[in-house]
Amino acid sequence: MRSARDIAEHVNSGGSAVQVVEEALERIHADTSNAFREVFDQSALTSAAEIDRRIIAGESAGPLAGVPVAIKDNICTREGRTSCGSKMLEKYRSPFDATVVTRLQDAGAVVVGKVNCDEFAMGSSTETCHFGPVKNPADPSRVPGGSSGGSAAAVAAGLVPVALGSDTGGSIRQPAAFCGVTGFKPSYGQVSRWGLVAFASSLDQIGPFTTDTADAALVFGVLRGGDPNDGTCEPSPAKPCQIKPADLKGMRVGVPIQATTDGNAKSVSKMMAEVRDQMSKAGAEMVEVDLSLLDQGISTYYVIATAEASSNLARFDGIRYGHRAHAPGAGPDELMALSRSEGFGAEVRRRILLGTYVLSAGYYDAYYNRALKIRRMIRDEYLKAFATCDVLISPTTPSTAFELGGITDPVEMYLCDRYTVGANIAGIPGISIPFGEDEQSLPLGLQLLAAPFADEQLLNAAASIEALRDQAGIRGARNA
Ligand code: GLN
């Protein structure tokens, strides 16, 4: 399958968008990974025909002309349902499109459907999805990661060149690593969250899954820019993002001590050694960085994220929104309790309980306030690190994709995000790029982080490492 750049160029120079979209729909219908929740055959073909008409009429069709795109099930689209992988919103139809969806469409992209995710984006395996787990295209007995597992699988299986996901603690980067594709989480405030069903509003960001960094930059250029509907979005106007691979010679590359010590799978440590070796051979200056708070990340995240989730998910009461239990004669409190018990899965209920607890009067200072203080310390530690290096590298995940059903202990599942939560806590940009595979041919992911709003610098560095990887003949993206 071609990259988004190639498709847009093909369509902009007279190739048929309808044909591109028809082929994508055919692949999607033949897929067995359960990546797609819903396919928009009719509206996708209508949009593609409109793009073809525009091009024939000599009008411009945009930088993503005819590019088939899949949207995570927690991002609102007027077409189809926005279920967030939950029984609670199984039948929910959004009356509006998220800003990111409108921007993609204005740029000529064709939304071909919605893709499955962990329930309300809570998970690291897409197994909490009410509509069944998604299989990893690299090995169908394994999870695709999560929560944006459907987005990662859709790109890795070559169904679409671009999918949108959301990342609250790693949900773009971790599944990208597990499936062998590129996943980019922009800085907090670069991309509008309007129309993203909120999980933890101070951590959530939307970003693209692609097969390489140049496509991630192309999509990011379309998505970013101020939005009057999202007050946390930096107000500067949208502008395209052009990749200029950075010079590795003299680039200061930070490697956290904590990322190369114990706890990583052997194949992951081997990948890190290989990356360091290649980068220093290419002239990069490798800097040792002490992120002493790295291991406070998961606990800090699980206080802040659950606190915000307990508040955000309060709206799903079976009365104003969401699944309503069949309970004739029940009063409002009972109806609400029954509806929420039926509508939410076990992981979501666990988080609501945890979040409610850390915000309760007796524990607010001990947990929530303390987590906020540690959050600031973590951010400061990253800012300090970026005074000594241009980018930080680490594995995206401590291991490669695990078997479906292989992790049942919630805390073990949470630890998948050891390397990713820091970027959300600090609000900085992060990207995972494929970098080879383990002894079982499962993809390995390399994470790069940069300072707040240094998103372009991050993408340029990722593009250079990608080139280095390709020169060395190391396996890059999957898109079968
Ligand atoms: N795996 C993490 C969690 O379950 C992150 C999820 C996300 O980024 N949406 O909370």
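Ligands are counted one by one from 1 in listed order, and the atoms in each one are counted from 1 as well. Source: prediction; values computed, not measured.
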Looking only at N/O atoms, are [X] and ligand 1 under 3.5 Å apart anywhere?
X: Met122; answer: no
X: Asp417; answer: yes
X: Gly169; answer: yes
X: Gly123; answer: yes

Notebook entry, point to check: Checking side-chain hydrogen bond (donor to acceptor under 3.5 Å, both in side chains) against Thr82, which of Lys114, Arg37, Lys72 comes through?
Noted result: Lys114

Next item on the list: Starting from atom 7 (C) of ligand 1, find the nearest protein heavy-atom neighbour and note its residue, name and distance.
Entry: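 The closest one turns out to be Ser171 OG, 2.3 Å.
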
Next item on the list: Could you find the nearest protein heavy atom to atom 5 (C) of ligand 1 and give me its residue, atom name and distance?
Entry: Tyr301 OH, 3.3 Å

Just by modelled atom types, is the [Y] backbone N or O under 3.5 Å from a matching donor or acceptor in the [X] side chain?
X: Asp365; Y: Asn369; value: no
X: Arg349; Y: Ser341; value: yes
X: Asn136; Y: Val143; value: yes

Check: Taking atom CG of Leu159 and atom CZ of Phe36, what is their separation to the nearest 0.5 Å?
Finding: 6.0 Å

Next item on the list: State the CG-OH distance between Leu449 and Tyr419, to the nearest 0.5 angstrom.
Entry: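 Reported to 0.5 Å precision, the distance equals 12.0 Å.
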
Next item on the list: Using a cut-off of 6.0 Å, state whether more than 12 heavy atoms not belonging to Arg276 lie near its atom CZ.
Entry: no

Which ligand 1 atoms are under 4.0 Å away from a heavy-atom of [X]?
X: Tyr302; answer: 2 (C), 3 (C), 4 (O), 10 (O)
X: Phe199; answer: 9 (N), 10 (O)
X: Asp167; answer: 8 (O)
X: Ser147; answer: 9 (N)

Can you tell which part of [X] has a heavy atom less than 4.0 Å from ligand 1: side chain, backbone, both or neither?
X: Tyr414; answer: neither
X: Arg351; answer: side chain
X: Ala121; answer: both
X: Phe120; answer: neither
X: Thr168; answer: both

Next item on the list: Check step by step if side-chain contact (heavy atoms from CB on, under 4.5 Å) holds for Leu359 and Ser310.
Entry: CA-CA 9 Å; Leu359 288 177; Ser310 72; 3.8 Å; yes

Check: Hey, what's the ring geometry for Phe316 with Phe120, parallel, tilted or perpendicular (30° and 60° as the breaks)?
Finding: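 Answer is tilted, since the angle falls between 30° and 60°.
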
Note to self: Does the plane of the ring in Tyr367 sit parallel, tilted or perpendicular to the ring in Tyr357? Use 30° and 60° as the thresholds.
What the structure shows: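 Rings of Tyr367 and Tyr357: tilted, as their planes differ by 30° to 60°.
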
Next item on the list: Would you please determine whether Ala305 falls within less than 4.0 Å of ligand 1 on a heavy-atom basis?
Entry: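 False for this residue.
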
